[in-house]
Visitor: 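Here it is: the structure, laid out below.
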Amino acid sequence: RETVGLMEDLARAGKAGAAGTARAHASLDDQVGRALNIVRTLSGLGDALGAAAGGFDVGAALGDLLRLTERWARQHEVRLERDIAGELPRASGDPALFLCLTHRLLLACAANLGPGGSIVLRAGRGGAGVRLGLHPTGERLEGAAAPGTDDDAINRELARRLGAELVYE
């Protein structure tokens, strides 16, 4: 989509006068900036997914995941925030399972919020590992399932494989 937007802006720049060309160049700069952010984020996720026995950087992986989820959140008028307390320990285990579980929980939480809601993803040390929490604020959608009551068999299995525990408060 970013590339299509870039090509459309290039076509407009070629047809526009001086003022239109300036607007098109500003739009081009914006498109290129967004595309570079996407590439950097995907590169960071690729690094996390390719982590060796030394583990992966949980804080960086969570930051990349939130950046990729921000567009979806904006479309649903839900604000995403992160609150990472200090430096997190490197995590062992499968980073793909970790990111998949975190993403599924984040989307399930967001799907229950009305426009204007927000979710704070908190992360900190928890014993020898990392403790994550999703803290939604705002109006819950009518008929929305309470946390942990939806069909979360996949989430439970992902958590089991990671040696993690899901706690709904």
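We count residues from 1, following the sequence as given.
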Visitor: With a 3.5 Å cut-off and sequence neighbours excluded, list the donor-acceptor pairs that the side chains of residues 113-123 form with protein atoms.
Guide:
unit_1: Ser118; atom_1: OG; unit_2: Thr137; atom_2: OG1; d: 2.6
unit_1: Arg122; atom_1: NE; unit_2: Asp83; atom_2: OD2; d: 3.3

Visitor: Hey, does Leu132 have a side-chain heavy atom less than 4.5 Å from the side chain of Phe98?
Guide: yes
Visitor: Can you tell me how far apart CG (Leu134) and OG1 (Thr102) are? Round to the nearest 0.5 Å.
Guide: 8.0 Å
Visitor: Nearest 0.5 Å please: distance from the CG atom of Leu66 over to the NE2 atom of His103.
Guide: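 Nearest 0.5 Å value for the CG-NE2 distance: 9.5 Å.
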Visitor: Got Val58 and Leu88 here, is their nearest side-chain heavy-atom distance under 4.5 Å?
Guide: yes
Visitor: How far does SG of Cys100 sit from CG of Asn155, to the nearest 0.5 angstrom?
Guide: 8.0 Å
Visitor: Taking atom CG of Asp64 and atom CG of Leu99, what is their separation to the nearest 0.5 Å?
Guide: 8.5 Å
Visitor: If you count the non-hydrogen atoms of other residues, nucleotides and ligands that lie under 6.0 Å from CD in Glu81, is the total more than 12?
Guide: yes
Visitor: Rounded to the nearest 0.5 Å, what separates atom CG in Leu162 from atom CG in Leu97?
Guide: 5.0 Å
Visitor: Decide yes or no for Leu158 and Arg104: does some side-chain heavy atom of the first lie under 4.5 Å from some side-chain heavy atom of the second?
Guide: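 They are in side-chain contact.
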Visitor: Are more than 12 heavy atoms, taken from residues, nucleotides or ligands other than Glu157, located less than 6.0 Å from that residue's CD atom?
Guide: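 More than 12 within 6.0 Å, yes.
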Visitor: Under 4.5 Å side-chain heavy-atom separation, chaining through any Ile, Leu, Val, Met, Phe, Trp or Tyr, what else clusters with Trp72? Say none if it is isolated.
Guide: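 Joined to Trp72, directly or through intermediates: Leu107.
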Visitor: Any carboxylate oxygen within less than 4.0 angstrom of a Lys/Arg side-chain nitrogen, looking at Glu70 and Arg67?
Guide: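 Not counted as a salt bridge, because no side-chain N and carboxylate O are separated by less than 4.0 Å.
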Visitor: Kindly compute the distance separating CG (Leu65) from CZ (Arg82), expressed to the nearest 0.5 Å.
Guide: 10.5 Å
